[in-house]
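Some notes on the structure that comes next.
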Amino acid sequence: MADRSPEVPYRQGKPARSAPSNGKPPGRPPAAKPPAARGGVARGREPRHFAALDLGTNNCRLLIARPQGDGFAVIDAFSRIVRLGEGLAGSGRLSDAAIDRTIAALKICADKLRRRNVTLSRAVATEACRRASNGADFIARAYAETGILLDIITAEEEARLAVLGCHSLIEPGEDPALVFDIGGGSTELVLVDTRSETPRVLDWHSAPWGVVSLTESAGHGPPGQDGGPEGRAASYAAMRALVTESMAPFAARLPRGIPVPRLLGTSGTVTTLASVHLGLTHYDRAQVDGLIVPATAMRRISSDLAGMDLRERAQLPCIGTERADLVVAGCAILETIMDLWPAERLGIADRGIREGILRRLMGSTA
């Protein structure tokens, strides 16, 4: 790793995922194994399908997969921006409109799960449901209307699942590495020891800022109401300050003097900025997942985006209207992370919690 220029992006020679990944419909394992499964796999029997659903503050994502080699092959997938946590920072509740959007997405997931005959699945919900006063009511309604039972997981489990799903993309090295996941309502950071096949968690931290919560608390307004260049700069500085303060306890615990810090990010923020860096006209996971990008390039892109108004950002490929209002908050979080762990390069992962869930499910039945 040390002989590579930090200014040149590259892809690791060996892909982190031995096979494409996917998950099965969220459901419960069967009460008893079918007769053919008790004594081994019957000839001609269809492979087992597994599913993982991750409902975050901003996105609803599903993977359906079957085991393949030492990994898994994707059978079906779904992703939709639902903005479940929209307005949560101010009201403390999930809004009716956000719940309706999310239920509609979950119904699509439920249909996929039924059609794919999933053997074992898990569906998790994260920060928005952890924080909302009506989170439990939403979980009950989602189950009643879709049959999907969402498990509200802790921030610590969220962090560990993300690491389990993407750790194979960490650059080789002996020193601890930092893995982070910028979500909609929170950001998880995990310091890991990678000297064994499965990384050992050394320390972790959950900051209460994600792209949705930070935008709603300190983001600038639409064109004409954003204060112009000075107002946008002030808003960005305010976001950086909030994130820095929230990560200060973790920053104080981080080891010093690491010769070559390694940094891996998994989130819509890092995959979007990597797409901008590559100049893609549309998102291409094959080019982004596993990419190693110079940290200086990510800082430059972050600064450029923070200086643009909403219309200018919306015109950029791979950002568009869906991400234009939230991407600046992601940039503020990313730059703060790069401040506290000054790696020369940033690894990009388009994988995380869902892949971590799938690995656990498949490992439990191996």
Side-chain angles (χ1 to χ4, degrees), residues 1-2 16 54 56-57 124 126-127 130-131 151-211 213-214 239-270 292 295 298-299 329-330 332-349 351-357 359-360 363:
M1 176 173 120
D54 170 22
T57 302
V124 303
T126 55
E127 184 67 10
R130 285 196 294 263
R131 188 181 299 183
D151 178 16
I152 303 177
I153 59 175
T154 65
E156 180 177 6
E157 184 175 6
E158 181 180 355
R160 290 179 181 274
L161 285 172
V163 170
L164 183 60
C166 72
H167 71 82
S168 55
L169 288 178
I170 298 173
E171 287 190 278
E174 294 297 318
D175 295 313
L178 185 65
V179 180
F180 65 90
D181 181 358
I182 301 174
S186 65
T187 294
E188 275 60 55
L189 304 102
V190 190
L191 186 70
V192 297
D193 180 341
T194 62
R195 288 175 294 184
S196 60
E197 184 176 347
T198 300
R200 181 169 63 92
V201 174
L202 301 173
D203 198 355
W204 73 280
H205 179 75
S206 180
W209 299 114
V211 296
S213 56
L214 188 59
M239 287 192 283
R240 290 286 308 275
L242 285 171
V243 178
T244 298
E245 181 182 13
S246 72
M247 294 181 181
F250 182 66
R253 301 195 304 267
L254 287 173
R256 307 294 178 211
I258 300 297
V260 185
R262 293 173 294 154
L263 188 61
L264 177 68
T266 168
S267 71
T269 292
V270 295
I292 308 294
M298 299 300 268
R299 284 189 181 276
I333 297 169
L334 175 60
E335 283 214 79
T336 303
I337 293 170
M338 291 192 293
D339 286 346
L340 62 89
W341 195 254
E344 293 183 331
R345 294 184 286 266
L346 170 64
I348 310 295
R351 63 185 75 187
I353 292 174
R354 294 173 303 168
E355 286 80 0
I357 292 172
R359 290 191 178 280
R360 277 193 180 174

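Throughout, residue positions are numbered sequentially from 1 according to the sequence presented.
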- request: Step by step, work out the side chain to side chain contact (heavy atoms under 4.5 Å, CB included) result for Val243 and Glu335.
  value: CA-CA 10 Å; Val243 178; Glu335 283 214 79; over 6 Å; no
Working to the nearest 0.5 angstrom, can you tell me the gap between [X] [atom1] and [Y] [atom2]?
| X | Y | atom1 | atom2 | answer |
| --- | --- | --- | --- | --- |
| Ser213 | Ile333 | OG | CD1 | 6.5 Å |
| Leu340 | Met247 | CG | CE | 6.5 Å |
| Glu344 | Ile292 | CD | CD1 | 13.0 Å |
| Thr126 | Glu157 | OG1 | CD | 11.5 Å |
| Met338 | Met298 | CE | CE | 7.0 Å |
| Leu189 | Trp204 | CG | CH2 | 10.5 Å |

query: So, Arg351 side chain and Leu169 main chain: donor-acceptor pair closer than 3.5 Å or not?
result: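 No, Arg351 side chain to Leu169 backbone: no donor-acceptor pair under 3.5 Å.
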- prompt: Do any N or O atoms from the side chain of Arg262 and from the backbone of Val179 form a donor-acceptor pair under 3.5 angstrom?
  reply: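 Checking the backbone N and O of Val179 against the side chain of Arg262, no donor-acceptor pair under 3.5 Å is found.
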Any side-chain heavy-atom pair from [X] and [Y] closer than 4.5 angstrom?
| X | Y | answer |
| --- | --- | --- |
| Glu158 | Val124 | no |
| Cys166 | Leu264 | yes |
| Trp341 | Pro255 | yes |
| Ile182 | Leu334 | yes |
| Ser246 | Pro208 | yes |
| Trp209 | Thr336 | no |
| Thr194 | His167 | no |

- request: Evaluate the criterion side chain to side chain contact (heavy atoms under 4.5 Å, CB included) for residue pair Glu156 and Val201; output intermediate values, then yes/no.
  value: CA-CA 11 Å; Glu156 180 177 6; Val201 174; over 6 Å; no
message: Salt bridge or not between Arg359 and Glu355? Use side-chain N to carboxylate O under 4.0 Å.
response: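 Looking at Glu355 together with Arg359, the answer is no, because their closest N to O distance does not fall below 4.0 Å.
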- prompt: For Glu174, does the CD atom sit with more than 12 other heavy atoms under 6.0 Å from it, leaving out its own atoms?
  reply: no
query: If you draw a 6.0 Å radius around CZ in Arg253, do more than 12 non-hydrogen atoms from other residues or ligands fall strictly inside?
result: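 More than 12 within 6.0 Å, yes.
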field: Stepwise salt bridge (Lys or Arg N to Asp or Glu O under 4.0 Å) test for Arg130 and Glu127
entry: CA-CA 5 Å; Arg130 285 196 294 263; Glu127 184 67 10; 2.7 Å; yes
message: Is there a side chain to side chain contact (heavy atoms under 4.5 Å, CB included) between Leu161 and Asp54? Walk through the geometry before answering.
response: CA-CA 11 Å; Leu161 285 172; Asp54 170 22; over 6 Å; no
task: Check side-chain hydrogen bond (donor to acceptor under 3.5 Å, both in side chains) between Glu245 and all other residues, then give those that pass, not counting sequence neighbours.
output: none
For the residue pair [X] and [Y], what are the closest heavy atoms and their distance?
| X | Y | answer |
| --- | --- | --- |
| Pro261 | Pro342 | CG-O, 3.9 Å |
| Val163 | Pro199 | CG1-CB, 4.5 Å |
| Thr266 | Gly352 | OG1-CA, 4.0 Å |
| Gly210 | Thr187 | CA-OG1, 4.3 Å |
| Val270 | Gly265 | CG2-O, 3.4 Å |
| Ala332 | Leu214 | CB-CD2, 4.3 Å |

- prompt: Among Leu191, Leu263, Thr269, whose side chain to side chain contact (heavy atoms under 4.5 Å, CB included) with Phe180 holds?
  reply: Leu263
